[in-house]
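To start, the structure under review is shown below, and the notes come after it.
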Amino acid sequence: MSQPDESAAPAVLSVDDDRRIALARAWVAQDPDPETRVELDDLVARVQGGDAAASADLADRFDQRLAFGTAGLRGEIAAGPNRMNRVLVSQAAAGLGAFLLERAPDTTPSVVIGYDGRRNSAVFARDSAEILAGAGLRAILLPRLLPTPVLAFAVRHLDVSAGIMVTASHNPPNDNGYKVYLGGTDHGSQIVSPSDAEIAAHIAGVAATALVTDLPRGEFETADESIVDAYVLATAHEAEYAPPAQPKVVYTAMHGVGWETTARVLAEAGFDAPVLVEEQIAPDPAFPTVSFPNPEEPGAMDLAFARARAVGAELIVANDPDADRLAIAIPDAAAPEGYRRLTGNEVGLLLGWRAARRAADDSGDGASDGTLACSIVSSPGLEAIADAYDLGFEATLTGFKWISRAPNLVFGFEEALGYLVNPGTVRDKDGISAAIAFLSLAADLRATGRTVADHLDEFVERFGCHDSGQISLRVTDLSRIGAIMARLRAEPPSTVGGIVVERIEDLSDGFGSLAPSDVLRIILEGGSRVMVRPSGTEPKLKVYLDVAAHDGSVAERRAAASETLARLEAGMRELTA
């Protein structure tokens, strides 16, 4: 490596560079992590040497703060307030503790903390437990790395004030995150407004007035294995009875923490052990076989497809890294891989139909009681099921923080592979309980000589063909998303793909019972619908397309829906270019 030229004149730094360097040095002074201290010292040295790229990097890290919102925190692991690191997590824990103490001043609040297998998850969880205990709260750390649904279950099972899950779910490998759940009257759901803003204000107060090195730390409790045992038993009951038949299944954990718990639940429910995608079964924060550990991403399930072809599997079951999402694939001779991953809407509608039938059966007289719920960007087909079974229906804002709060909920889903099948025990999406529910459905079908593909046809025959599509526009410049949304509002389209727009509903100021959200809902002639919104967790603009066809045979309905969907996709790609 070349040595610096000591005779060269020192770089002339801007006032902003000097200010950021001072902030960086103050950050280093309170950072308990030697790795990020060295990283930031090196970055400062490069800025002082006149490195323009380093200067831009420092500005990105220190000119803004990683926002704490209804999704908690999520971002790249690195030094600085706009990254995930031990300083930021410590401030978040102290702020949450202050919020809980303020919320219930005459009690000792309690918090259960879980973590997955991502980089730094365990240390972030331990920091949180120590700081919460040091603030006078009862802090309970789960016994080891576990799926997010176990933490969501523990909040209710232990009747604590709040829960923290350290995970970035299906984000890129170098990301991590921090999800917060509330007990009490929130019943174990994730935070929503105004709690998110109140917690964020406390975190900002901690960051402005206290050094992380001065935050008191205390002794926390470690939960024993009984909490996992309780989750396993409760989740296995989703099967109701021993499977009448055993479809041949391939399973992948996508390098996450799902398999150990899933294996126990499958055994408890009476299912045979599936064939494993061994390369992806153990937790590995590097995610070596996938560039993006999300079953929805192209290529993520290639190893599962290969394993399924080798063993002649009838079903592929995949969890994302923290096992709160579920992906299903079925044999399809027309698919290049020989298997087709079902969309989140397809799985959600089949599970919703199952839940509706169960609700009717539980009533004893065929009358149903309860609510089916999905996010506003998920398939309207769920409402058709609710109508057919005389159930309530609710469309919520995106996220299970909203879906889980639907009154008298019996089932909820959103198209991004999230399903809530057991609201009595877990108030969040749960990829393990959803897997048990889907395997139970597949077993019942197999026992009568039918397949999941047959059941999809039965759904179309009963409820019509509800087809869906999605456009995800990933950007490097976030201002582009805002510009597209502003243009659609200022110049609303009169047609999309040649289909007449009947009306556009702007949810930015709220709509009906929905809280304000940056969403445009475009209703088209013939009952089709387009939803446009920025992603809440990734630098993407997301466009959701939904169509329905009710006339003709199953094949004719599918063809008509497919043709309309293609027109809408072409039209929206042009409008968002």
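Rounding to the nearest 0.5 Å gives a distance of 8.0 Å between NE2 of H170 and CD of E297.
Crowding of R37 atom CZ: a count of heavy atoms from other residues, nucleotides or ligands under 6.0 Å exceeding 12. The 12-atom threshold is not exceeded at CG of D509, counting heavy atoms of other residues, nucleotides or ligands nearer than 6.0 Å.
Between R86 and D33 no salt bridge is recorded (no basic side-chain N to carboxylate O distance below 4.0 Å). Between K179 and D324 there is a salt bridge, since at least one side-chain N of the basic residue sits less than 4.0 Å from a carboxylate O of the acidic one. A salt bridge is defined here as a Lys NZ or Arg NE, NH1 or NH2 lying under 4.0 Å from an Asp or Glu carboxylate O, and R405 with D186 meets this definition. A salt bridge does not link E76 with R61: none of the charged nitrogens is closer than 4.0 Å to a carboxylate oxygen. A salt bridge does not link K401 with D428: none of the charged nitrogens is closer than 4.0 Å to a carboxylate oxygen. Using a 4.0 Å cut-off between charged side-chain N and carboxylate O, R103 and E198 make no salt bridge. The pair E225-R144 meets the salt-bridge criterion, with a side-chain N (NZ, NE, NH1 or NH2) lying under 4.0 Å from an Asp/Glu carboxylate O.
In this pair, F62 and W27 present their aromatic rings perpendicular. The plane angle is above 60°, beyond the 30 to 60° band.
Not a single donor-acceptor pair under 3.5 Å links the side chain of N319 to the backbone N or O of G258.
Just one residue in the list N176, D175, N174 forms a side chain to side chain donor-acceptor pair (under 3.5 Å) with R119, and that residue is N174.
Relative to the six-membered ring of F511, R521 meets both conditions, a distance below 6.0 Å and an angle of at most 45° to the axis.
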